[in-house]
K.L.:
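Here's a structure for you.
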Amino acid sequence: MFIRQKTLVQGAVAGLLLLGATALAARAEETVKIGLIVPMTGGQASTGKQLENAVKLYMKEHGDTVAGKKIEVILKDDAAVPDNTKRLAQELIVNDKVNIIAGFGVTPAALAAAPLATQAKIPEVVMVAGTSIITERSPYIVRVSFTLPQSAAIMGDWAAKNGIKRVATLTSDYAPGHDALKFFKEHFTAGGGQIVEEVKTPLANPDFAPFLQRMKDAKPDAIFIFVPAGQGGNLMKQYAERGLDKTGIKVIGTGDVMDDDLMNGMGDAILGAVTAHNYSAAHPSEKNKAFVAAYEKAYNQRPGYVAVFGYDGMHLIYEALKKTGGKADGDSLIAAMKGMAWESPRGPISIDPETRDIVQNIYMRKVEKKDGQLWNIEFETFKDVKDPGKTKK
Ligand code: PHB
């Protein structure tokens with residue numbers, strides 16, 4: 001009896017264990033895990049917050065089940081430090097067994113994760129980082145954000161054609177800043193323009209005041225600016241404090257500096273600034289109006305381009321899963337993502353099947369005041385722009 005009981009108990013335990021293991025395995029297969037690595041602290045914290053907001057909004061609107069799979073997002077803060085990114089990506093892949101890694105608020109973070117995506121054969125969905133070469137670092141990288149050459153080249157052409165002859169540049173001193181400077185310069189000088197001053201600002205804790213003084217002293221027709229998401233507010237406040245808005249020197253740049261979530265805090269000093277970019281919260285489409293309204297309702301704040309990137313990143317993942325019928329291995333997902341096209345709040349976008357990089361409209365915009373608020377008002381559209389950095393190094 002005792003033995004039998006023992007046997008019975010043993011059998012029951014074994015059965016339960018087996019059941020448990022089967023249920024666990026089934027649950028694991030029923031869940032698609034996304035490791036979202038973003039900067040929630042440090043100088044780029046606003047980027048992480050916007051991505052988190054956008055991912056949550058997308059999931060609230062579209063549910064957390066796709067093609068029969070439950071979507072689980074595991075958010076990790078790398079503070080935009082690439083060593084952290086690498087460690088977190090490794091933990092997510094090895095311990096949490098994520099199917100996808102996503103996020104990456106700065107280029108060094110996206111690059112640090114690339115070899116891990118290749119090794120694990122899982123997609124790395126780049127939601128922010130904008131240096132051209134990133135997608136070449138792993139066949140498992142797909143980018144939904146942008147490249148700096150996409151907007152800098154167009155800005156260079158536009159400046160040369162619109163009466164701007166002498167430009168001083170202020171660009172952040174790391175890879176995307178180098179891309180922005182190179183492509184602006186090439187296009188602007190090819191159109192007859194001249195660069196009269198070039199300053200590079202540090203990525204971490206920049207004090208822009210001395211750099212702005214050099215801009216002012218150079219007496220250019222315009223200042224071309226690239227700083228990453230989150231830094232424009234501080235920069236343009238210092239610009240106004242030094243009275244640069246009273247000098248007649250125009251502000252031009254990639255749209256990063258005129259980030260929608262910060263521009264109302266910059267004040268009227270930015271009126272008239274012209275930038276080239278992929279997204280404006282004032283983009284006049286129904287899709288964008290609905291997105292801005294939903295984001296403002298949820299977070300009491302205007303979304304910037306980073307929020308749109310996060311929203312589109314989730315769309316890419318959801319639609320890829322629908323296409324694979326829920327198959328979540330890296331090769332199936334990457335194949336599904338290649339060539340995917342959809343309407344984003346920024347306008348029509350697609351993933352280039354050859355480069356896995358984003359193809360999108362670039363809009364010329366000018367800062368104007370409407371109903372007491374500052375907006376980037378689009379006035380010209382360049383359609384379906386591929387990354388110029390891919391063909392021309
Ligand atoms: C980057 O680090 O690649 C980066 C981040 C934010 C931007 C642009 C580029 O707005």
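Both ligands and their constituent atoms are indexed starting at 1 by order of listing.
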K.L.:
Closer than 4.0 angstrom, basic N to acidic O: yes or no for Glu354 and Lys390?
P.N.:
no

K.L.:
Look at the rings of His283 and Tyr363 and say which category their plane angle falls in: under 30° parallel, 30 to 60° tilted, over 60° perpendicular.
P.N.:
tilted

K.L.:
Would you please classify the geometry between the Phe146 ring and the Phe309 ring as parallel, tilted or perpendicular, with 30° and 60° separating the classes?
P.N.:
tilted

K.L.:
Polar pairs, ligand 1 vs protein, N/O only, below 3.5 Å.
P.N.:
unit_1: ligand 1; atom_1: 2 (O); unit_2: Thr107; atom_2: N; d: 2.8
unit_1: ligand 1; atom_1: 2 (O); unit_2: Tyr174; atom_2: OH; d: 2.6
unit_1: ligand 1; atom_1: 3 (O); unit_2: Thr107; atom_2: N; d: 3.4
unit_1: ligand 1; atom_1: 3 (O); unit_2: Thr107; atom_2: OG1; d: 2.5
unit_1: ligand 1; atom_1: 3 (O); unit_2: Gly130; atom_2: N; d: 2.8
unit_1: ligand 1; atom_1: 10 (O); unit_2: Ala229; atom_2: N; d: 2.9
unit_1: ligand 1; atom_1: 10 (O); unit_2: Asp256; atom_2: OD2; d: 2.7
unit_1: ligand 1; atom_1: 10 (O); unit_2: Tyr305; atom_2: OH; d: 2.7

K.L.:
Side chain to side chain donor-acceptor pair (under 3.5 Å) with Thr131: which residues, sequence neighbours excluded?
P.N.:
Thr107

K.L.:
Kindly state whether the ring of Phe224 and the ring of Phe188 have centres lying under 6.0 angstrom apart.
P.N.:
no

K.L.:
Considering only NZ, NE, NH1 and NH2 on the basic side and carboxylate oxygens on the acidic side, decide whether Asp96 and Lys33 come within less than 4.0 Å.
P.N.:
no

